[in-house]
Amino acid sequence: PSNFLWVPCFSVQKGPEAAMLLCRENKWNDEEIEFIKHLSSTIGHAFSSLSKNNSKLNVQVHTEKQMRAMGMNCLLSVSAGSKQEAKLITMKYLNGKKGDKPIILVGKGITFDTGGISIKPSNAMDEMKYDMCGSTVVLGVFKALALLKPKINVVGIVPSTENLSGGKAYKPGDVLTAYNGKTMEIFNTDAEGRVILSDGLSYASKHYDPEYILDFATLTGAARVALGTELPALFTNNDKLGEDIINEGIKQIDPMWRLP
């Protein structure tokens with residue numbers, strides 16, 4: 001479809017620009033490994049830098065003080081065990097028609113995940129710096145939007161924090177109230193991805209009337225058990241959208257597998 005969004009190539013007639021973007025993104029991914037070390041605060045800075053000198057792009061980074069007033073209790077609960085402040089990053093690229101509904105991208109931004117009180121095994125825990133890959137997908141899309149300038153409206157939302165253990169960390173048995181007012185009981189603090197995304201997705205649903213929402217997250221190792229290391233799992237309640245994504249992934253040599 002004409003409004004279909006994909007990285008590194010869009011369904012728009014900008015072949016040379018898309019090819020150039022692919023080369024730039026490969027270099028950016030190498031640099032990204034370095035800025036992960038600077039954790040949540042630097043993710044917020046990286047997103048903010050995109051909006052400079054681009055009138056179609058607006059970026060806002062919400063602080064913990066602002067999020068407390070907003071009621072982002074789930075994100076703040078996960079971040080409680082870390083000295084690094086959590087961030088809620090919202091990005092808007094508005095270059096379509098005024099009445100067009102936006103596509104919303106929500107990315108999980110856990111910059112390091114120990115599992116919290118429900119701590120992970122030590123083996124390969126160093127790889128948990130990659131638990132923010134969902135957020136970098138969103139960042140990559142907005143870098144592509146800034147370069148290719150397609151005539152669409154896109155909103156990006158990234159809840160970002162660490163998930164650590166400590167005296168102030170959230171615990172199994174805690175009952176949290178999400179941004180939409182619904183409550184959840186925590187049985188395992190290593191399920192922090194769906195906890196922070198409950199705030200991010202609730203924020204998207206409350207403040208926007210989207211065409212659809214795409215959520216990117218390194219949510220569970222069970223997907224790797226089911227599909228291996230090369231196939232991302234796809235879940236959707238929209239059969240047509242799911243079919244479009246699967247087909248576009250095949251064309252871009254970036255296949256996915258839909259699960260029930």
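Since the model is a prediction, treat every value here as computed from it, not as a measurement. Side chains are part of it too, since the values below use all heavy atoms of this structure and drop only hydrogens, waters and symmetry mates.
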Would you please name every residue forming a salt bridge (charged side-chain N to carboxylate O under 4.0 Å, His left out) with D239, sequence neighbours left out?
R258
So, the side chain of Y208 versus the backbone of K101: is there a donor-acceptor pair under 3.5 Å, distance only?
no
Mind checking what makes side chain to side chain donor-acceptor pair (under 3.5 Å) contact with D190, not counting sequence neighbours?
K120
Which residues share a salt bridge (charged side-chain N to carboxylate O under 4.0 Å, His left out) with D199, sequence neighbours left out
none
Side chains of residues 64-72: which donor-acceptor pairs under 3.5 Å do they make with residues two or more places apart or in other chains?
residue	atom	partner	partner atom	Å
E64	OE2	S79	OG	3.3
E64	OE2	A86	N	2.8
Q66	OE1	T63	N	2.8
Q66	OE1	T63	OG1	3.4

Would you mind reporting whether I103 and L105 have side-chain heavy atoms less than 4.5 Å apart?
yes
Measuring only between side-chain heavy atoms, which start at C-beta, is F142 closer than 4.5 Å to V154?
yes
Calculate, to the nearest 0.5 Å, the distance between atoms CZ and OG1 belonging to R194 and T220 respectively.
6.0 Å
Drop me the distance from D244's CG to N238's CG, to the nearest 0.5 angstrom.
8.5 Å
Evaluate whether atom CG of N123 has more than 12 neighbouring non-hydrogen atoms of other residues, nucleotides or ligands under 6.0 angstrom away.
no
Is there a path from L214 to L234 through hydrophobic residues (I, L, V, M, F, W, Y) whose side chains come within less than 4.5 Å of each other?
yes
Take a 6.0 Å sphere around CD of E230 and say whether it holds more than 12 heavy atoms from other residues, nucleotides or ligands.
no
Taking salt bridge (charged side-chain N to carboxylate O under 4.0 Å, His left out) as the definition, give me every residue that meets it alongside K182, ordered by chain and number, with sequence neighbours left out.
none
Under a single-linkage definition using a 4.5 Å side-chain heavy-atom cutoff for Ile, Leu, Val, Met, Phe, Trp and Tyr, are L241 and I250 assigned to the same hydrophobic cluster?
yes
Tell me if a side-chain donor or acceptor on N95 pairs with a main-chain N or O of K56 at a distance below 3.5 Å.
no
Could you tell me whether the side chain of I89 reaches within less than 4.5 Å of the side chain of I157, counting heavy atoms only?
no
Once rounded to the nearest 0.5 Å, what's the spacing between atom CD of E162 and atom CD1 of I110?
9.0 Å
Just verifying a value: how many Å separate Y212 OH and I104 CD1, rounded to the nearest 0.5 Å?
11.5 Å
Heavy-atom pair with the smallest gap, counting every atom of L164 and A169:
O-CB, 3.5 Å
Any heavy-atom pair between the side chains of M184 and V195 that's under 4.5 Å?
yes
Please name the pair of heavy atoms, one in L231 and one in P255, separated by the smallest distance, quoted to 0.1 Å.
CD2-O, 3.6 Å
Contacts of type side chain to side chain donor-acceptor pair (under 3.5 Å), residue D131, not counting sequence neighbours:
K108, T218
Transitive ILVMFWY side-chain link V155 to I196, under 4.5 Å:
yes
What pair of heavy atoms forms the shortest contact from T114 to G116, and how long is it?
OG1-N, 3.0 Å
Remaining members of the apolar cluster that contains L94, side-chain heavy atoms under 4.5 Å:
none
Which heavy atom in L259 sits nearest to a heavy atom in A233, and how many Å separate them?
CD1-CB, 3.7 Å
Apart from V225 itself, what residues make up its hydrophobic cluster when side-chain heavy atoms of I, L, V, M, F, W and Y under 4.5 Å apart count as a link, directly or indirectly?
none
Nearest atoms (heavy-atom pairs only) where H62 meets Y203:
NE2-OH, 4.0 Å
Among all residues two or more places apart in sequence or in another chain, which pass the side chain to side chain donor-acceptor pair (under 3.5 Å) test with N180?
S202
Do any N or O atoms from the side chain of K149 and from the backbone of A146 form a donor-acceptor pair under 3.5 angstrom?
yes
What residues join I253 in its hydrophobic cluster, counting side-chain heavy atom gaps under 4.5 Å, either direct or through other members?
none
Between CZ of F112 and OH of Y130, what distance do you get to the nearest 0.5 Å?
11.0 Å
If the condition is salt bridge (charged side-chain N to carboxylate O under 4.0 Å, His left out), which residues does R224 pass it with, not counting sequence neighbours?
none
Whether S118 side chain and G115 backbone form a donor-acceptor pair below 3.5 Å
no
Salt bridge (Lys or Arg N to Asp or Glu O under 4.0 Å) between K240 and E243, intermediate numbers included
CA-CA 5 Å; K240 178 63 168 61; E243 182 181 345; over 6 Å; no
With a 4.5 Å cut-off on side-chain heavy atoms, are N58 and M91 touching?
no
Interatomic distance, D100 atom CG to I152 atom CD1 [nearest 0.5 angstrom]:
10.0 Å
Residues L197 and A217: closest non-hydrogen pair is CD1-CB, 3.9 Å
Stepwise side-chain contact (heavy atoms from CB on, under 4.5 Å) test for I186 and S77:
CA-CA 11 Å; I186 303 302; S77 295; over 6 Å; no
Same apolar cluster: V78 and L88, side chain cutoff 4.5 Å
yes
Let's go through N163 and D113 carefully: what are the C-alpha distance in whole Å and the side-chain angles of both, what is the deciding distance for side chain to side chain donor-acceptor pair (under 3.5 Å) to 0.1 Å, and is it a yes or a no?
CA-CA 5 Å; N163 183 28; D113 181 18; 2.9 Å; yes
Tell me, do F216 and V106 make a side-chain contact under 4.5 Å, heavy atoms counted?
no
Would you check if the side chain of S160 reaches a backbone N or O of G109 as a donor-acceptor pair within less than 3.5 Å?
yes
Using distance only, find each side-chain donor-acceptor pair of residues 170-178 under 3.5 Å and give its atom names and separation, not counting sequence neighbours.
residue	atom	partner	partner atom	Å
Y170	OH	T189	O	2.8
D174	OD2	K171	N	2.8

Please lay out, stage by stage, how T111 and K129 fare under the test side-chain contact (heavy atoms from CB on, under 4.5 Å).
CA-CA 6 Å; T111 53; K129 63 187 177 183; over 6 Å; no
Would a single hydrophobic cluster contain both V137 and L219, if residues Ile, Leu, Val, Met, Phe, Trp and Tyr are joined by side-chain heavy-atom contacts under 4.5 Å?
no
